Structures are given as structure tokens and as C-alpha cells.
Amino acid sequence: MAEPSAPGIPAGVDAAAPRAGADGDRMVLDREVTMTDETGPRPLEPVTEQSQRALAVVAHPDDLEFGAAAAVARWTGQGKQVVYCLVTSGEAGIDAMPPPRARQVREREQRESAALVGVRTVEFLGLADGVLEYGVPLRRALAGVVRRHRPEIVITNNFRDTWFSAYALNQADHIATGRAALDAVRDAGNRWVFPEQLVDGVEPWNGVRQVWAASSPLAAHGVDVTDTFERGVASLRAHDAYLSGLGDGSFDAEEFLEGLSRPVGTRLGVRHGAAFEVFHVDA
């Protein structure tokens with residue numbers, strides 16, 4: 001469940017490359033750098049795009065479509081392989097629809113949405129929507145996904161406490177999933193963490209170079225999505241049942257995504273952009 005009422009990406013604070021904590025388990029931020037100066041928001045740095053395999057891990061159907069799908073369309077258009085992993089099926093996201101029915105509808109809409117941006121593999125872990133908790137069980141599940149798909153880049157959603165101000169609170173499932181995905185990247189490379197997964201040819205995987213958190217208020221990197229913006233809009237519109245239940249039903253996908261992509265594009269020097277906070281696993 002994304003935050004449809006969130007405003008566009010503003011200036012904020014960015015983090016430099018993370019370093020390992022004292023326990024060797026969590027990634028922590030080395031320092032913070034202000035992203036604004038006397039002239040306004042600082043330019044965004046383009047993400048590196050040399051990698052060929054990416055895994056996108058988010059909490060709900062529609063999370064990627066609220067900002068990142070146009071970037072995915074760009075990458076699949078370059079011949080890159082992108083896999084989607086949805087931790088839940090978003091079954092608690094439609095007030096007027098019972099969860100068993102919503103699960104079926106939202107999984108179908110997510111697969112259709114993913115296909116519009118060139119993603120062929122969409123997995124659902126089936127955890128309960130709305131009550132995800134950060135912890136070992138979630139890390140274990142995501143480490144298993146990383147080990148099976150062996151990505152070079154892991155994409156997730158903003159998992160900071162807020163979106164764009166202290167008044168735009170993030171949702172608990174987003175926070176839990178993003179934090180667990182960040183840690184699962186390291187777990188996946190250690191054969192003595194969740195060793196029960198290493199069967200039937202599954203091996204540890206320490207080939208993830210970076211983790212990218214889409215739409216983070218601390219983003220210092222971005223992607224030019226000018227050429228794929230309309231495909232991103234189409235992918236969001238594919239979540240018709242979910243969007244129809246937002247507010248009075250008048251939600252405009254193109255207008256909303258323009259409100260996000262235009263300010264980011266300005267900071268990239270292009271028309272439309274998608275913003276990412278980059279965590280360096282390869283530093």
C-alpha cells in the first residue's frame with residue numbers, strides 16, 4: 001500500500017556510503033550531507049547502470065508503481081533482468097473487498113502491471129498484509145529470495161520514518177521490508193546465516209553491489225525516466241481495483257506521478273526522473 005497523498009520529492013538530507021556496524025550485521029550511515037544550499041536543491045547524481053540483474057523487494061502490490069516502475073521500464077528496455085518480489089499480496093488494502101478476494105485481484109493486477117514494464121517474474125511471499133515486523137523471520141525469507149535470484153542490485157521502497165516531511169509518515173510494512181531487505185543482502189552472503197537454505201543447488205550470494213531505496217527523502221541519486229514515463233503511468237493504472245478505492249475514486253495516476261517525477265527531473269536536468277537513496281554494499 002503506497003502513500004497516494006504524498007507530495008513531490010523535495011530537498012532533504014542524503015547519506016554517504018554505509019559502513020558495517022560494530023556487530024558486523026547492520027549497515028549504518030557514515031555521515032549525513034545536507035542536500036540544499038543557498039540556491040535550492042542540489043543536483044542528483046545518476047545511478048550506475050552497468051549491472052544486468054536486479055531484484056525489487058517491496059511490501060505490497062502497487063509500491064513499485066508509485067514512482068519506480070518507469071525506471072524499471074528503462075532498465076528492462078536496456079536488456080536488464082528485473083525480478084519482482086512482493087512480501088504480501090496487499091490483501092488488506094481494499095476496504096470494500098474481503099482479503100481472500102483482494103489477494104486474488106491484487107496479485108493479478110501486479111502481474112499485469114509488471115508485464116507493462118518488461119518484468120516477467122513476479123513472486124509473492126504470502127506474508128500477512130499490514131502487520132509485517134522487522135526481524136529474523138523476514139530477513140530469512142528475503143535472504144532466501146536473494147540467494148535464489150542472485151541479483152547485482154536490490155531495489156526497495158523508502159523505509160525512512162517519513163516520506164517528505166515529518167507530517168508524511170511512512171507505513172510500517174514499508175519500513176520493515178526495506179530494513180529487512182538491506183540486512184538480507186548481507187545475510188545472503190554468509191553461509192552460516194540461515195544455512196538450512198543451502199540445499200538443492202542454492203549457494204550463498206555476496207554479489208549484490210548496491211541497494212536502492214526508491215522515493216527516499218534522503219535520495220541523492222536519480223534515473224532519467226523521460227522516455228519511459230508513460231509506461232510507468234500505465235503500470236500504476238493497471239492497479240485499477242486498488243486505485244478505485246482511494247478517496248472519492250478520482251485519483252489521477254498521471255498527475256500524481258508527474259508531481260513526483262518533475263521535481264526529480266529538474267534536479268537531474270531532464271523532464272522526468274525517479275529518485276533513489278543508494279546504499280553501497282561494495283564499498
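Values below: all heavy atoms of this structure, side chains included; hydrogens, waters and symmetry mates excluded. What you see is a predicted model; the values in this text were computed from it and never measured.
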> Yes or no on side-chain contact (heavy atoms from CB on, under 4.5 Å) for Lys80 and Ile153, after CA distance, side-chain angles and deciding distance?
Replying inline: CA-CA 11 Å; Lys80 303 180 192 302; Ile153 300 293; over 6 Å; no
> Going through the distances and angles, do His272 and Arg262 end up as a side-chain contact (heavy atoms from CB on, under 4.5 Å)?
Replying inline: CA-CA 5 Å; His272 295 287; Arg262 287 296 189 94; 3.3 Å; yes
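For the pair Arg74/Arg231, no side-chain contact is recorded, criterion being any heavy-atom separation below 4.5 Å from C-beta on. Residues Arg111 and Tyr84 are not in side-chain contact: their nearest non-hydrogen atoms beyond the backbone lie 4.5 Å or more apart. In this structure the side chain of Phe229 reaches within 4.5 angstrom of the side chain of Glu254, judged on heavy atoms.
Taking a cutoff of 4.0 Å between a charged side-chain nitrogen and a carboxylate oxygen, Glu65 and Arg237 do not qualify as a salt bridge.
Between the side chains of Arg103 and Ser89, at least one donor N or O lies within less than 3.5 Å of an accepting N or O.
Tested against Val87 for a side chain to side chain contact (heavy atoms under 4.5 Å, CB included), the candidates Leu142, Val58, Val145 yield a single pass: Leu142.
At most 12 non-hydrogen atoms from other residues, nucleotides or ligands lie less than 6.0 angstrom from CG of Asp227. The environment of Gln52 atom CD is dense: over 12 non-hydrogen atoms of other residues, nucleotides or ligands sit within 6.0 angstrom. For Glu196, the CD atom counts as densely surrounded, since its 6.0 Å shell holds more than 12 non-hydrogen atoms of other residues, nucleotides or ligands.
Classified by interplanar angle (parallel below 30°, tilted 30° to 60°, perpendicular above 60°), the ring pair Phe66/Phe256 is perpendicular. Using cut-offs of 30° and 60° for the angle between ring planes, the Trp75 and Phe276 rings count as tilted.
Leu116 and Tyr242 are not part of a single hydrophobic cluster, where members link through side-chain heavy atoms under 4.5 Å apart. Criterion: ILVMFWY side-chain heavy atoms under 4.5 Å apart, direct or through other members. Under it, Val146 and Val83 are part of a common hydrophobic cluster. In the hydrophobic cluster analysis, where Ile, Leu, Val, Met, Phe, Trp and Tyr join through side-chain heavy atoms closer than 4.5 angstrom, Val47 is grouped together with Leu64.
Sorted by first and then second residue, the ring pair (Phe, Tyr, Trp, His ring centres under 6.0 Å) pairs with a member in residues 88-111 form an empty list; sequence neighbours excluded. Note on residues 212-226: no pairs pass salt bridge (charged side-chain N to carboxylate O under 4.0 Å, His left out), not counting sequence neighbours.
The hydrophobic cluster of Ile175 has no other members, since no ILVMFWY side-chain heavy atom comes under 4.5 Å of it. The hydrophobic cluster containing Leu198 also includes Val202, under a criterion of side-chain heavy atoms closer than 4.5 Å among ILVMFWY residues, counted directly or through chains of members. Side-chain contacts under 4.5 Å among hydrophobic residues (ILVMFWY), followed directly or transitively, place Val136 together with Val193, Phe194.
Scanning for salt bridge (Lys or Arg N to Asp or Glu O under 4.0 Å) contacts around Arg108 gives Glu112, with sequence neighbours left out.
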